[in-house]
Amino acid sequence: MITGAPKRLTRTFIACLLVLLCSTCMCGCDLFKTTKDKPTAQTEQVEKKSGESATESEGGKAASDEAAKPSSGESSSSSASSPSGESSSEPEPVPEPEPEPEAATISIYIYVDATNADRGYFADMTVELDEGATVFDALVATGLPFGGSSEYVRSINGLSEYDYGKTSGWMYSVNDYTPMMSCGSYVLSDGDRVRWYYVTKYDDM
């Protein structure tokens, strides 16, 4: 039979044992909790690094995409060019130069009369001249040698002024009309008749 002292001892021992068990359980829970939390912290750190890497990767991809995009000038240049590098618009054809129109010509009848000097006719022909030609041009077209200029003709075919007196010399008429101007100023028309004639006196006009 157990006495009172051993009963108290047994109770004390049981109480200590319960306290020890409770302490052990609490420590075990804290240890389990700590052990369980550590991988979680590591996992969070890994996830954080993964998130940063993903952010950096997305940033790098965005930067590379931005760099790959052509600028507005390049875009317009590439759109204006064909894949072969040539302009998409065909070059305008160079117009061929138009041929210059041929100058209109006129037909002039001319004769050089030296009958007043008993020399007959030096010329009696029809010549083709450019439009706008003058009486002087008609004389040149005969091919006869002459002295003077378009302002005044002194000699034709060796017959000169003053050869038959002080009033002798060369004159001209157009369609039997004697113009009072130099032979280089009178412009002829198609079909005109030009007469160069030598006079020895005023009555020969």
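Keep in mind the model is a prediction, meaning the values are calculated, not measured.
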Would you say the rings of Phe136 and Tyr172 are close, in the sense that their centroids are separated by under 6.0 Å? no
If hydrophobic clusters are built from ILVMFWY residues whose side chains come within less than 4.5 Å, do [X] and [Y] share one?
X: Leu188; Y: Ile156; result: yes
X: Leu144; Y: Ile110; result: yes
X: Tyr111; Y: Val140; result: no
X: Met125; Y: Phe122; result: yes
X: Val135; Y: Ile106; result: yes

Measure across Gly158 and Asp163 and return the closest heavy-atom pair with its distance rounded to 0.1 Å. O-OD2, 4.1 Å
Do you know the tightest heavy-atom contact between Ser107 and Asp190? N-OD1, 2.6 Å
Parallel, tilted or perpendicular: which describes the rings of Trp170 and Tyr198, with under 30° parallel and over 60° perpendicular? perpendicular
Tell me, do [X] and [Y] make a side-chain contact under 4.5 Å, heavy atoms counted?
X: Asn157; Y: Pro145; value: yes
X: Thr115; Y: Tyr197; value: no
X: Thr105; Y: Asp130; value: yes

Tell me, with the steps shown, if Asn175 and Asp192 meet side-chain contact (heavy atoms from CB on, under 4.5 Å). CA-CA 6 Å; Asn175 301 327; Asp192 283 346; 3.1 Å; yes
Would you kindly say whether Ser173 and Asp176 are connected by a side-chain donor-acceptor distance under 3.5 Å? no
Evaluate side-chain contact (heavy atoms from CB on, under 4.5 Å) for Asp124 paired with Tyr109, printing each intermediate quantity in order. CA-CA 8 Å; Asp124 187 353; Tyr109 173 72; 2.4 Å; yes
Would you sort out whether Val153 and Cys183 count as a side-chain contact (heavy atoms from CB on, under 4.5 Å), showing the intermediate values? CA-CA 8 Å; Val153 175; Cys183 60; 4.0 Å; yes
Decide side-chain contact (heavy atoms from CB on, under 4.5 Å) for Thr134 and Tyr186; before the verdict, give the C-alpha distance in whole Å, the side-chain angles of both, and the deciding distance to 0.1 Å. CA-CA 5 Å; Thr134 64; Tyr186 193 97; 5.7 Å; no
Atom pair [atom1]/[atom2] of [X] and [Y] - distance to nearest 0.5 Å:
X: Arg195; Y: Thr178; atom1: CZ; atom2: OG1; value: 8.0 Å
X: Ile108; Y: Glu128; atom1: CD1; atom2: CD; value: 8.5 Å
X: Ser150; Y: Leu139; atom1: OG; atom2: CG; value: 11.0 Å

